[in-house]
Each structure stands twice: as structure tokens, then as C-alpha cells.
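The block underneath contains the structure these notes are about, expressed in C-alpha cells.
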Amino acid sequence: MGSEPTGEEFVECRSPATGEVIGHWSVTSPRVVRQTVERSRQAQARWAEVPTRERASRMLQFRDALVRNAPRLADTLVRECGKPRQEALLHEVGVLCSALTYYSRNAESLLAPETVIPHLLKHRRSVLHYVPRGVVGVISPWNFPLMIPYVDAVTALFAGNSAVIKPSEHASLIALEAKRVWDESGLDPDLIQVVTGRGETGQALIEGGAAKIIFTGGPETGPRVAAECAKNVVECVLELGGKAPAIVCDDANVSFAARAITYGGFYNAGQACVSVERVLAHESIAEELVGELVTLADGLRVGGPEGVWDVGPLIYEPGRDRIEALLQDAVERGASIVFGGQRVERRGCFFHPTVVANCTPDMRIMREEIFGPVIPVMSVRDDAHALDIANSLPIGLNGYVFTKDVERGRGLASRLQVGSVVINDVLSDYGAADVPFGGIKKSGYGKTHGAAALRSMCHVKHVGEPRLPPPTPAWFPYSERGERLARQALHALFSSKSPLSRLLGRF
Ligand code: NAD
């Protein structure tokens with residue numbers, strides 16, 4: 001299995017669970033990237049002519065093809081990334097199908113022209129039109145290598161664009177497999193295309209004529225991509241790293257919070273931007289919580305790719321080396337590894353689910369993205385202390401709060417400096433098709449998912465139409481009388497003391 005040969009370098013793919021070669025792909029040259037973007041542009045011109053309602057209905061052909069091919073797609077995800085099959089089916093194929101369903105039901109109303117009655121220049125009526133941008137380039141990471149690039153691509157298509165995907169070099173087979181499913185769906189093959197390679201291929205896509213770039217990836221790569229986009233005057237969305245705090249209040253249901261945190265911390269072997277990366281537990285329940293986390297971690301099955309397992313391998317060796325360095329730093333600064341803490345003695349890139357207690361904010365494990373099956377726990381005195389620690393980092397993607405008091409949960413959610421918070425739940429914000437996702441601070445800017453993402457795939461064009469003749473006396477030629485009238489008009493329209501201004505404020 002692999003991409004069509006282009007005469008360029010071939011790259012072998014190995015299973016992270018077994019080390020075996022499972023396929024290959026070839027590096028797309030910058031010249032072929034440019035040709036791909038050009039074909040995409042031509043397909044987009046045809047697609048943009050199709051009314052939104054018709055586009056929305058045709059896109060369901062892709063959803064049906066995905067459902068038909070779900071077992072095959074899940075197999076590729078298992079082999080290429082070591083994901084548990086259940087996660088592959090529900091959170092890769094399922095979340096993509098959910099996005100297709102949501103947009104197919106809502107695209108027409110979300111993209112309908114909007115009429116604005118100007119607050120002042122009431123002689124005209126203004127209509128805002130959501131106009132497709134053209135070719136959207138999607139540059140994506142390896143941790144959700146089907147769902148992330150294809151949700152972005154279909155969002156672009158619902159808005160009348162085409163998409164060219166540059167998947168991660170660590171998980172390209174699944175992007176190519178899904179492209180075959182797209183081709184099988186009967187929709188124009190050139191509307192979604194895939195170019196494969198490393199960072200240079202992503203760069204070629206930015207330079208090659210994409211009208212917008214949706215980038216998801218690491219905090220070091222993001223600014224480079226943004227700079228490249230700026231050079232080419234291309235708008236971009238940056239979905240970068242997270243370090244989600246989970247605040248566990250003294251009134252929380254500790255057993256439930258422990259189950260949620262175990263799932264949120266070890267899901268996808270901890271390799272999710274929304275993973276629980278820091279537990280901030282009230283000191284009165286911290287010990288009980290750690291005890292429950294240890295019991296739950298002990299019950300998890302580490303394994304794959306055969307049978308059923310809960311926690312699979314890490315995608316590659318550097319990830320495992322990094323976890324060890326973070327753990328060593330934590331222990332040197334006084335943390336206790338209360339469960340796990342070492343590699344699994346077997347072939348493949350496995351690491352034991354790990355629980356670390358007595359963490360403090362100076363530790364790297366509390367400041368840097370771990371991206372592995374490690375849950376660090378720190379005790380906090382009260383809610384204010386928890387918020388201080390949670391908000392102390394330069395990134396802010398998402399967060400979690402556990403409490404029985406809904407008002408307290410909402411209060412904490414409003415003070416967390418992140419793009420999304422869920423209360424008494426985990427991981428549910430990313431997969432939700434109908435709400436926007438995206439971070440603040442150095443976690444990036446712009447949104448994927450929901451109405452905000454769909455609309456941001458368009459530029460908003462304003463068309464003004466006359467309702468009454470325009471105020472031509474204000475046009476040329478200027479005069480002293482005109483100046484006097486301008487002063488009077490400013491006072492009448494904008495002074496808080498003016499009866500006219502007060503009257504206009506009511507409408
Ligand atoms: P990465 O930054 O190494 O790579 C991401 C993509 O960028 C890859 O396709 C890569 O080839 C490409 N790339 C690299 N250099 C480039 C350049 N100069 N120009 C254009 N493209 C370039 O990230 P990764 O290791 O694949 O993914 C893990 C990171 O992604 C984590 O930090 C994680 O938090 C983040 N992530 C964020 C979200 C989110 O929604 N915020 C979701 C998933 C993952």
C-alpha cells in the first residue's frame with residue numbers, strides 16, 4: 001500500500017507496535033504539489049457553482065463510503081499508529097462521520113446570506129455573502145491522522161472550497177487510504193487530494209497557491225508555518241499544543257473523577273492535544289484520588305496490534321525518550337512515581353501507564369506537553385490556587401473541572417484561560433462537530449469544528465444596495481457651510497445630550 005510513485009524518495013512505514021514494515025509512500029515534489037493545487041483550483045471552480053444545499057447532500061456519499069469502509073480504515077489506523085480498534089472506529093471514523101452529518105444538515109443555513117440594516121446610513125441595505133476562498137491546504141499531525149485532516153477538508157468543501165491534505169510523515173498511509181474511500185464515493189476526485197512528505201512538502205503547499213492553511217501540530221512548527229503563510233499573505237489557523245489541567249474540587253465525586261482522568265490521560269496512549277496533562281487536586285482529596293488512579297491504571301491492558309487492549313504504543317521512539325527525561329526531572333525535583341514509570345519489556349514502542357504524585361509547578365512534567373501515558377498530580381489548597389497554577393503557562397488549549405456544584409464549576413470554567421472547558425467530563429469537546437475548538441495564548445488561533453470553522457472557510461463579502469437615494473449633499477464640492485453642517489451633524493448624531501442621538505439609540 002502507498003502513494004503513486006512520483007520518481008521521488010520512497011519512505012517505509014513501520015508499525016509502532018511490532019517494528020514491522022507495513023507499507024510505504026513517496027515524497028511529493030514541490031512541482032507535483034503545485035500541479036495538485038492547480039487541479040484542485042479547477043475542481044473548486046466547478047464545485048463552487050453547486051448550490052450549498054446540493055453540495056451538503058452530495059457530501060453524504062462520502063459518509064456512506066466511510067461507514068462501508070470503516071473496518072478497513074480502522075485496520076490501517078491500528079497497524080500504522082497502534083490505536084485500539086474501538087478508538088479508531090469511534091473517534092477517527094465516527095467523529096468524521098459526525099462532522100459530515102452536522103454540516104450536511106446545517107451548512108445551508110449557516111452560510112445563508114445575512115442582511116444588515118446599517119445603524120446609521122439607513123439609506124442602504126447591506127447583504128453579507130459567505131464566499132468560498134478556493135483551495136484550502138490542510139497540514140496535519142500524526143495523533144488523529146484520519147479525523148483531523150479529513151474533518152478540516154470536509155469543512156472546507158461544505159463551504160464550497162476544495163482541499164489538499166499534507167498528512168504527517170509519521171502517519172500518511174491512513175490519509176492515502178481515506179483518499180481511496182473519497183474516490184470511491186463518486187465525488188470529484190480532485191476536490192480532496194493528498195500530497196505526502198515532511199515539512200518541506202507542507203511548505204510547498206503554502207507556497208503553491210493555497211488560499212488558506214489549517215495547521216495542526218506542535219508549538220515549535222506552528223510559528224514557522226504562520227511566518228511562511230504571512231510571507232505568502234495566506235490566512236492560517238493554528239491548532240497547537242495543550243497542557244490540559246483537570247481541577248478536582250474538594251466536593252467532587254472522587255471515583256468518577258479518577259475514572260475520567262484515567263481515560264483522559266491514557267486515551268490514545270496520552271497522545272492527544274486534549275489529554276489530561278496536569279491534575280490539580282484539592283489537598284483534602286488528593287491522596288484518595290491518587291489511590292484510585294493507581295488502581296485504575298493497574299487494570300489497563302497495554303498491547304496491540306492483536307486482540308483487545310486499552311493502551312497502545314507511542315508513535316515513535318523520541319516520544320518515549322522524552323517521557324523518560326520528563327520523569328527523571330520530576331523525580332529529581334521531589335515527585336514520586338506511584339505507578340508505572342518504565343518501558344514495557346516487549347517489542348515495539350510501549351510505555352507503562354504512569355501516575356506521578358507530589359508534583360510541583362517547577363517540574364518540566366507540569367510545564368511541557370508530555371504526549372504520553374503519564375498523569376502528574378499536584379495538591380492545591382483551594383480553587384484560587386488551582387487557577388493560579390492552571391493559568392500560569394504560556395499555552396491554553398482546554399481544561400477540565402470536577403465538582404458536584406455546577407455554579408462552582410461554571411465559575412472555574414470562566415476563569416480558566418483556555419479555548420474550551422468541560423465540567424465533569426473528559427475529551428468530549430474535541431470530537432463535538434457543532435462546537436468550535438481552538439486554543440488561546442501560544443496554543444494558537446482560529447477555530448476548527450462548528451459554525452465558526454465553516455464560516456471561516458469563507459471570506460465575507462459585503463454588497464450594499466440602495467433603499468433611498470444616498471446623501472449626495474455630503475459629497476463634493478466641500479464648503480464652509482458643509483463644515484458647519486458637519487459639526488452640527490456630529491453633535492446631533494453622537495452627543496449623549498442630543499435628543500436625536502438618544503432617539504436613534506432606541507432603534
Ligand atoms: P509537528 O508540528 O511535528 O508536525 C505537524 C505537521 O506539520 C506535519 O504534517 C509536518 O510534516 C508539518 N510540518 C513540519 N514543518 C513544517 C513546515 N516548516 N512547514 C509546513 N509544514 C510543516 O506536530 P506532530 O508531532 O505531528 O503533532 C503533535 C502536536 O500536535 C502536539 O503538540 C499536539 O498537541 C498538537 N495537536 C494539536 C491539536 C489541536 O487541535 N490544537 C490536535 C492534535 C495535535
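FYI, side chains are in, hydrogens and waters are out, and symmetry mates aren't considered; it's all heavy atoms of this structure. Note that ligands are numbered from 1 as they come in the structure, with each ligand's atoms numbered from 1 the same way.
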Mark up the atoms of ligand 1 that fall under 4.0 Å of a heavy atom belonging to Gly218, in ascending order.
1 (P), 2 (O), 23 (O), 29 (C), 30 (O), 32 (O)
Sole residue of Ile370, Val356, Asp321 in side chain to side chain contact (heavy atoms under 4.5 Å, CB included) with Leu326:
Ile370
Asn398 side chain reached by Val421 side chain, heavy atoms, under 4.5 Å:
no
What part of Glu169, side chain, backbone, both or neither, has a heavy atom within less than 4.0 angstrom of ligand 1?
side chain
Atom 27 (O) of ligand 1 has as its nearest protein heavy atom Pro141 CB, 3.1 Å
Atom 41 (N) of ligand 1 [closest protein heavy-atom partner, distance rounded to 0.1 Å]:
Leu240 O, 2.8 Å
Hey, is ligand 1 close enough to Lys166 that some N/O pair sits below 3.5 Å?
yes
Atoms of ligand 1 close to Ser168 [distance to a heavy atom under 4.0 angstrom, numbered from 1]:
9 (O)
May I ask you to check whether over 12 heavy atoms, not counting those of Arg259, lie within 6.0 Å of atom CZ?
no
Any N or O of Gly217 that comes nearer than 3.5 Å to an N or O of ligand 1?
yes
Please determine if Arg364 and Asp329 form a salt bridge, counting it only when a charged side-chain N lies under 4.0 Å from a carboxylate O.
no
Hey, mind stepping through His91 and Tyr430 against ring pair (Phe, Tyr, Trp, His ring centres under 6.0 Å) and telling me if it holds?
CA-CA 10 Å; His91 302 139; Tyr430 194 82; over 10 Å; no
Among Thr28, Thr201, Thr196, whose side chain to side chain contact (heavy atoms under 4.5 Å, CB included) with Lys166 holds?
Thr201
Short list, please: which atoms of ligand 1 are under 4.0 Å from a heavy atom of Pro219?
32 (O)
So, 4.0 Å and heavy atoms of Glu369: is ligand 1 close enough to count as a contact?
yes
Looking only at the aromatic ring of each residue, does the gap between the centers of Phe371 and Trp142 stay below 6.0 angstrom?
yes
Do Gln328 and Glu324 meet the criterion of a side-chain donor-acceptor pair at a distance under 3.5 Å?
no
Compute whether any side-chain donor of one residue and acceptor of the other, for Lys179 and Gln193, lie under 3.5 angstrom apart.
no
Out of Thr216, Thr221, Val237, the nearest non-hydrogen contact to atom 5 (C) of ligand 1 is supplied by Thr216
Glu12/Arg14 ion pair, N-O < 4.0 Å
yes
Phe437 near ligand 1, heavy-atom distance under 4.0 Å?
yes
What are the atoms of ligand 1, with element, lying closer than 4.0 Å to any heavy atom of Cys273?
34 (O), 36 (N), 37 (C), 38 (C), 39 (C), 40 (O), 42 (C), 43 (C), 44 (C)
Determine, for Phe144 and Lys83, whether the Lys NZ or Arg CZ falls below 6.0 Å from the six-membered ring centre while staying within 45 degrees of the axis.
yes
For Lys243, is there an ion pair with Glu277 - N to carboxylate O distance below 4.0 angstrom?
yes
Closest non-hydrogen protein atom to atom 19 (N) of ligand 1, residue and atom name please, with distance?
Gly199 O, 3.6 Å
Please identify which atoms of ligand 1 are closer than 4.0 Å to at least one heavy atom of Ile148.
42 (C), 43 (C)
Distance under 6.0 Å and angle within 45° of ring axis: Arg346 vs Phe350:
yes
Pull out every atom of ligand 1 sitting under 4.0 Å from any heavy atom of Gln203, numbered as shown with elements.
19 (N), 20 (C)
With heavy atoms of Pro167 as the reference, note each atom of ligand 1 found under 4.0 Å away.
9 (O)
Only heavy atoms of Leu397, strictly under 4.0 Å: list the atoms of ligand 1 that pass.
41 (N)
the protein heavy atom lying closest to atom 6 (C) of ligand 1 turns out to be Ser140 O, 3.4 Å
Look at atom 25 (O) of ligand 1 and say which protein heavy atom is nearest, naming residue and atom and giving the distance to 0.1 Å.
Trp142 NE1, 3.0 Å
Which option wins on minimum heavy-atom distance to atom 28 (C) of ligand 1: Phe371, Phe215, Tyr430?
Phe371
Please work out whether any backbone atom (N, CA, C, O) or any side-chain heavy atom from C-beta onward of Ala272 is under 4.0 Å from ligand 1, and answer side chain, backbone, both or neither.
neither
Where is the nearest protein heavy atom to atom 12 (C) of ligand 1: which residue, which atom, and how far?
Ile139 CG2, 3.6 Å
